[in-house]
Amino acid sequence: MQSLLELEDVTYVYHSINGETYALSNISFQVEDGEFIAIVGPSGCGKSTLLSLISGLLTPESGTILLHGRDIKDSKTDIGYMLQKDHLFEWRTIYSNLKLGLEIQKKDTPENRKHIDELLKSYGLSKFKNAKPSQLSGGMRQRAALIRTLALNPGLLLLDEPFSALDYQTRLSVCDDIASIIKKEHKTAILVTHDLSEAISVADRVIVLTKRPGRIRKIVPIQIDMEERTPMKSRNAPEFKDYFNLIWKELNNDD
Ligand code: ADP
Ligand code: MG
């Protein structure tokens with residue numbers, strides 16, 4: 001069966017007047033439909049570069065990236081991107097922020113608006129429809145940013161350290177919240193994080209990168225046996241600590 005996303009021997013080099021920076025080297029992996037993948041690695045190892053390549057914003061120096069079997073440049077599948085900053089515009093209400101993607105992509109149809117209304121209702125933001133972003137907590141803003149991304153019905157979600165601006169407590173609950181919404185909506189997601197616990201708590205598989213130029217050190221399937229696994233519950237599972245130690249060792253392995 002064809003994977004949703006396939007990377008084969010992907011390499012990326014930044015060329016600038018100061019020389020060349022080898023950011024990624026020989027990256028190969030597949031992502032299956034409905035999977036939640038986390039990518040961890042030291043700061044500057046090429047994690048954000050990897051997401052930019054998958055989104056088609058950057059083109060690999062060599063290697064291929066296929067989405068539904070087609071080169072990402074020719075793929076018709078929408079990709080949703082979520083970043084550390086929520087990029088909600090203060091002069092727009094929450095609702096008109098959520099509609100923004102639809103407006104830009106000329107998809108502001110009654111059907112798609114209904115989808116936004118349903119998402120707002122399902123995820124407890126209906127009563128903030130006409131509020132301005134500053135009236136929402138950090139966690140609610142991230143939830144609104146996720147709904148804005150989901151409004152476009154993306155086939156693949158890319159999350160680049162979306163929780164790293166939040167304080168620790170908020171971060172735990174927002175991560176739980178966002179990951180649960182992504183599961184409920186049956187989305188495929190790739191989360192980049194430097195937080196090992198966060199990666200293990202949300203992911204079906206964790207991809208560990210080496211320091212720059214980022215190569216794949218190891219791919220670790222996470223199997224936590226429990227009914228209705230959530231990130232928060234996973235953190236308390238007996239297996240969690242073993243995965244933490246295993247991936248910690250890989251991250252600090254310098255050969
Ligand atoms: P990460 O997200 O893992 O912290 P990045 O993907 O942002 O890492 O960056 C990987 C490496 O590429 C870093 O050493 C960074 O300094 C370098 N880099 C990132 N963007 C550029 C750019 N536009 N020009 C030159 N070098 C860059
Ligand atoms: Mg980054």
Side-chain angles (χ1 to χ4, degrees), residues 5-29 31 36-65 67 72-73 79-88 138 141-142 145-146 149 154 156-168 170-171 174-175 178-179 182 188-203 205-220 222 231 244 247-255:
L5 177 73
E6 288 175 77
L7 282 85
E8 183 73 47
D9 229 0
V10 171
T11 295
Y12 191 80
V13 183
Y14 285 102
H15 301 275
S16 72
I17 45 169
N18 299 322
E20 300 190 323
T21 306
Y22 283 78
L24 291 166
S25 171
N26 305 101
I27 302 285
S28 301
F29 64 91
V31 179
F36 204 129
I37 299 288
I39 298 178
V40 295
S43 173
C45 77
K47 300 183 294 299
S48 296
T49 304
L50 185 53
L51 289 194
S52 297
L53 287 163
I54 295 171
S55 72
L57 287 171
L58 297 176
T59 307
E61 182 91 3
S62 61
T64 53
I65 304 180
L67 192 57
I72 36 150
K73 297 274 182 213
I79 293 183
Y81 223 127
M82 221 178 131
L83 303 162
Q84 185 180 334
K85 282 195 68 183
D86 55 48
H87 296 286
L88 295 169
R141 290 178 67 124
Q142 278 300 29
L146 177 64
T149 310
L156 175 64
L157 277 170
L158 304 178
L159 305 121
D160 195 351
E161 313 226 15
F163 317 123
S164 53
L166 304 167
D167 65 77
Y168 184 68
T170 314
R171 187 181 174 134
V174 174
C175 173
I178 298 290
I182 290 172
T188 311
I190 303 179
L191 167 77
V192 155
T193 175
H194 59 258
D195 183 333
L196 191 46
S197 301
E198 188 173 284
I200 299 164
S201 75
V202 300
R205 282 189 294 152
V206 176
I207 297 180
V208 186
L209 297 182
T210 63
K211 60 179 194 259
R212 190 173 64 81
R215 284 171 290 111
I216 293 185
R217 160 85 63 201
K218 204 174 181 77
I219 300 183
V220 183
I222 308 292
F244 188 94
I247 298 172
W248 177 263
K249 240 188 239 155
E250 293 297 339
L251 273 172
N252 291 295
N253 179 349
D254 251 353
D255 45 63

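When reading the values below, keep in mind they use all heavy atoms of this one structure, side chains included, and skip hydrogens, waters and symmetry mates. In this text the structure is predicted, and so the values were computed from the model without any measurement. Note that ligands are numbered from 1 as they come in the structure, with each ligand's atoms numbered from 1 the same way.
- For the pairing with L159, the side-chain contact (heavy atoms from CB on, under 4.5 Å) check across T193, L83, I182 returns one residue only, I182.
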Identify the protein atoms, limited to N or O, that lie within less than 3.5 Å of an N or O atom of ligand 1, and list each pair with its distance to 0.1 Å.
residue	atom	partner	partner atom	Å
ligand 1	2 (O)	S48	N	2.9
ligand 1	2 (O)	S48	OG	2.9
ligand 1	3 (O)	C45	N	3.2
ligand 1	3 (O)	G46	N	3.1
ligand 1	3 (O)	K47	N	2.8
ligand 1	3 (O)	K47	NZ	2.9
ligand 1	4 (O)	G44	N	2.7
ligand 1	6 (O)	S48	N	3.4
ligand 1	6 (O)	T49	N	2.9
ligand 1	6 (O)	T49	OG1	2.5
ligand 1	8 (O)	G46	N	3.3
ligand 1	14 (O)	R212	NE	3.1

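- Looking at S28, its side chain does come within 3.5 Å of a backbone N or O of D9 through a donor-acceptor pair.
- Under a 3.5 Å cut-off, the side chain of K47 and the backbone N or O of P42 do form a donor-acceptor pair.
- Remark: the backbone N or O of R215 is paired with a side-chain donor or acceptor of T210 at under 3.5 angstrom.
- Of the inter-residue distances, the one linking E8 atom CD with F29 atom CZ reads 11.5 Å to the nearest 0.5 angstrom.
- Protein nitrogen, oxygen and sulfur atoms, that is N, O or S, within less than 2.8 Å of the Mg ion (ligand 2) amount to 1.
- Side chain of R217 to backbone of N253: a donor-acceptor contact under 3.5 angstrom is found.
- In this structure, the side chain of S52 engages the main chain of S48 through a donor-acceptor pair within 3.5 Å.
- Looking at residues two or more places apart in sequence or on another chain, you find no salt bridge (charged side-chain N to carboxylate O under 4.0 Å, His left out) involving D160.
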Ignoring hydrogens and angles, write down the donor-acceptor pairs under 3.5 Å from the side chains of residues 11-21, residues two or more places apart or on other chains.
residue	atom	partner	partner atom	Å
T11	OG1	N26	N	3.3
Y14	OH	T49	OG1	2.8
H15	ND1	E20	OE2	2.9
H15	NE2	E61	OE1	3.2
S16	OG	N18	N	3.4
S16	OG	G19	O	3.3

